[in-house]
Number of protein chains: 2
Amino acid sequence: MFDELDVALLKTLRDHPRAGQLEVSRLTGVARATVQARIHKLESAGIVTGYGPDVDLRAAGYTVQAFVTLEIAQGALDAVQGELEGHPSVVEAFATTGTGDVLCRMAARSQEELQQALLDINRSPNIARSMSVVILSTVVETRSLPLLEAHARAGGRAPAYRRAHRAPGGRRAADDREA
Amino acid sequence: MFDELDVALLKTLRDHPRAGQLEVSRLTGVARATVQARIHKLESAGIVTGYGPDVDLRAAGYTVQAFVTLEIAQGALDAVQGELEGHPSVVEAFATTGTGDVLCRMAARSQEELQQALLDINRSPNIARSMSVVILSTVVETRSLPLLEAHARAGGRAPAYRRAHRAPGGRRAADDREA
DNA sequence: TTGCTGCTGGGCAAGCTGCTCATTTCTGCT
DNA sequence: AGCAGAAATGAGCAGCTTGCCCAGCAGCAA
């Protein structure tokens, strides 16, 4: 589905957020028209869904985060969805297999605020039980590129002379280092 | 820490990823210089950390995702961190309170691949036990703006005539609808 | 009232975007 | 082997945007 170039472009975009296509083109050593085409392809395939500003909740004052496992009443998923959606503290939520039914992540500015939010949610008649674990620290920062990179189609379509121009040891990997 | 305008700007940026400042300025009805200043402020405060391309793992073929709770050997967090970081399937990971020690999210292209990844991780001598729940569906899409919005300082500094221009019922909320 | 901060609106040079096109190169298929 | 199709390239152009600056005015607090 992907090849190295796609991943290289995504990486470059991530590391140089302000970079436009021209900048990306220069950084990756690919023609601007190619950059435009590839990115457009990724966007229309729905793989790149946007470039929304990445908000650091911790920096924004929401230093307390927790994962909460909810056990909900039979068939009440829709109702619960509405409730969770209505609660700003809920940052994301998923239906899962296992003993719990819904796993959601919450954020708050203090322990007290988190507790209050948990109480709010538990008040719902659709929630049978809840179990929460507080996040102490981040072990692996959220990332998706390594995954794509791991399965990237190695074959590039870059014309031969392109590669020739580059330093033998350099290659595209150079993009990351200068970040 | 925030006021309505900050949130409005972030919302606009999220809903119109390609929009530059001028576009944002027009969409929010705020002077361009103001947009520039506010966004710059958010960036230097570390609240907006970037505009990295949002990759939809599902669309990219990684349809299987799971949360895995790891129980690790005493004092082996650093070692585990290295291992998890080295494994592309690990999308993010956190140290938590509770019976488990580390909670990580993983993604794969199939059940088999996920299982393989889990086996890989369990092979580590630092991992005492692991428990995984598979994500069945998304209940609440990842979001952080509602949280900021909830605590946004209501007072704007916008000059009076600005407000006068707007429809009494409309307000800034209009930005979202046209998305 | 005064002073300070923040928003406004306007302007300028430089640079980028979106789009198109003719060529060249690579890949897969016959 | 050879060919057609797909992809990458480099170049060009009009129009718009960016980054920066500044003077003036509007809120807020002392």
Side-chain angles (χ1 to χ4, degrees), chain A residues 1-45 47-48 50-51 53 152-166 170-172 174-175, chain B residues 1-45 47-48 50-51 53 152-166 170-172 174-175:
Chain A
M1 199 81 179
F2 302 100
D3 63 5
E4 289 174 333
L5 182 51
D6 289 311
V7 177
L9 293 176
L10 290 175
K11 271 190 179 176
T12 307
L13 279 172
R14 180 202 52 185
D15 295 334
H16 307 264
R18 325 228 64 169
Q21 322 179 325
L22 229 187
E23 189 72 14
V24 173
S25 159
R26 280 184 293 229
L27 287 167
T28 54
V30 172
R32 187 168 72 102
T34 305
V35 172
Q36 193 167 40
R38 293 298 270 256
I39 291 181
H40 181 69
K41 199 179 61 181
L42 287 172
E43 287 173 354
S44 22
I47 291 169
V48 169
Y51 302 84
R153 244 186 35 204
R157 326 188 55 346
Y161 56 87
R162 289 237 115 254
R163 302 175 182 250
H165 283 176
R166 313 189 156 293
R171 275 242 181 285
R172 303 200 185 293
D175 310 337
Chain B
M1 200 83 179
F2 303 101
D3 63 5
E4 290 175 333
L5 181 52
D6 289 311
V7 177
L9 293 177
L10 290 175
K11 271 190 180 177
T12 306
L13 279 172
R14 180 201 52 186
D15 296 334
H16 308 264
R18 324 229 64 168
Q21 323 179 326
L22 229 186
E23 189 73 13
V24 172
S25 159
R26 280 184 294 229
L27 288 166
T28 54
V30 173
R32 186 170 73 100
T34 306
V35 171
Q36 194 169 40
R38 294 298 269 252
I39 290 181
H40 179 70
K41 198 178 61 178
L42 288 172
E43 287 172 354
S44 23
I47 290 167
V48 169
Y51 302 85
R153 246 187 34 205
R157 322 186 66 328
Y161 55 88
R162 290 236 118 257
R163 301 173 181 249
H165 285 176
R166 313 188 158 292
R171 269 232 189 290
R172 306 200 184 293
D175 310 337

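Each chain gets a letter, A, B and so on, in the order the sequences are listed, and its residues count up from 1.
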> Determine, step by step, whether Asp3(B) and Arg38(B) satisfy the side-chain contact (heavy atoms from CB on, under 4.5 Å) criterion, reporting the C-alpha distance in whole Å, the side-chain angles of both residues, the deciding distance to 0.1 Å, and the verdict.
CA-CA 11 Å; Asp3(B) 63 5; Arg38(B) 294 298 269 252; 2.4 Å; yes

> Considering non-hydrogen atoms only, spot the tightest contact between Val7(B) and Ala152(B) and give its length.
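Nearest pair, atom of Val7(B) first, then Ala152(B): CG2-CB, 4.0 Å.
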
> How many whole angstroms separate atom CD of Glu43(B) from atom C1' of dG19(D)?
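The distance from CD of Glu43(B) to C1' of dG19(D) comes to 13 Å, rounded to the nearest Å.
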
> Could you check how far CG of Leu5(A) sits from C1' of dA7(D), rounded to whole Å?
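Value for this atom pair: 11 Å.
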
> With the sugar-phosphate defined as primed atoms, P, OP1 and OP2, and the base as all remaining atoms, what B/S/- string results for nucleotides 10-17 of chain C, 5' to 3', for protein heavy atoms under 4.0 Å?
-B----SB

> Provide, to the nearest angstrom, the distance between the CG atom belonging to Asp3(A) and the C1' atom belonging to dC26(C).
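So the CG-C1' distance, Asp3(A) to dC26(C), works out to 13 Å.
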
> Determine whether Leu42(B) and Leu10(B) satisfy the following criterion, side-chain contact (heavy atoms from CB on, under 4.5 Å), listing intermediate values before the conclusion.
CA-CA 10 Å; Leu42(B) 288 172; Leu10(B) 290 175; 4.0 Å; yes

> Roughly how many Å is it from CD1 in Ile39(A) to C1' in dC19(C), rounded to a whole number?
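Distance check: Ile39(A) CD1 to dC19(C) C1' gives 16 Å.
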
> Decide yes or no for Ile39(A) and Gln21(A): does some side-chain heavy atom of the first lie under 4.5 Å from some side-chain heavy atom of the second?
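A side-chain contact is absent here, since even the closest heavy-atom pair is not under 4.5 Å.
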
> To the nearest Å, give me how far apart CG (Leu42(B)) and C1' (dG6(C)) are.
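Distance, rounded to whole Å: 15 Å.
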
> Does any non-hydrogen side-chain atom of Ile47(B) lie less than 4.5 Å from one of Asp6(B)?
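No. Closest side-chain heavy atoms not under 4.5 Å.
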
> Let me have the donor-acceptor pairs involving side chains of residues 30-37 of chain B, under 3.5 Å, with sequence neighbours excluded, atom names and distances please.
none

> On DNA chain D, nearest-nucleotide positions of Ala37(A) versus Arg18(A): which is more 5'?
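Here Ala37(A) is the residue nearer the 5' end.
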
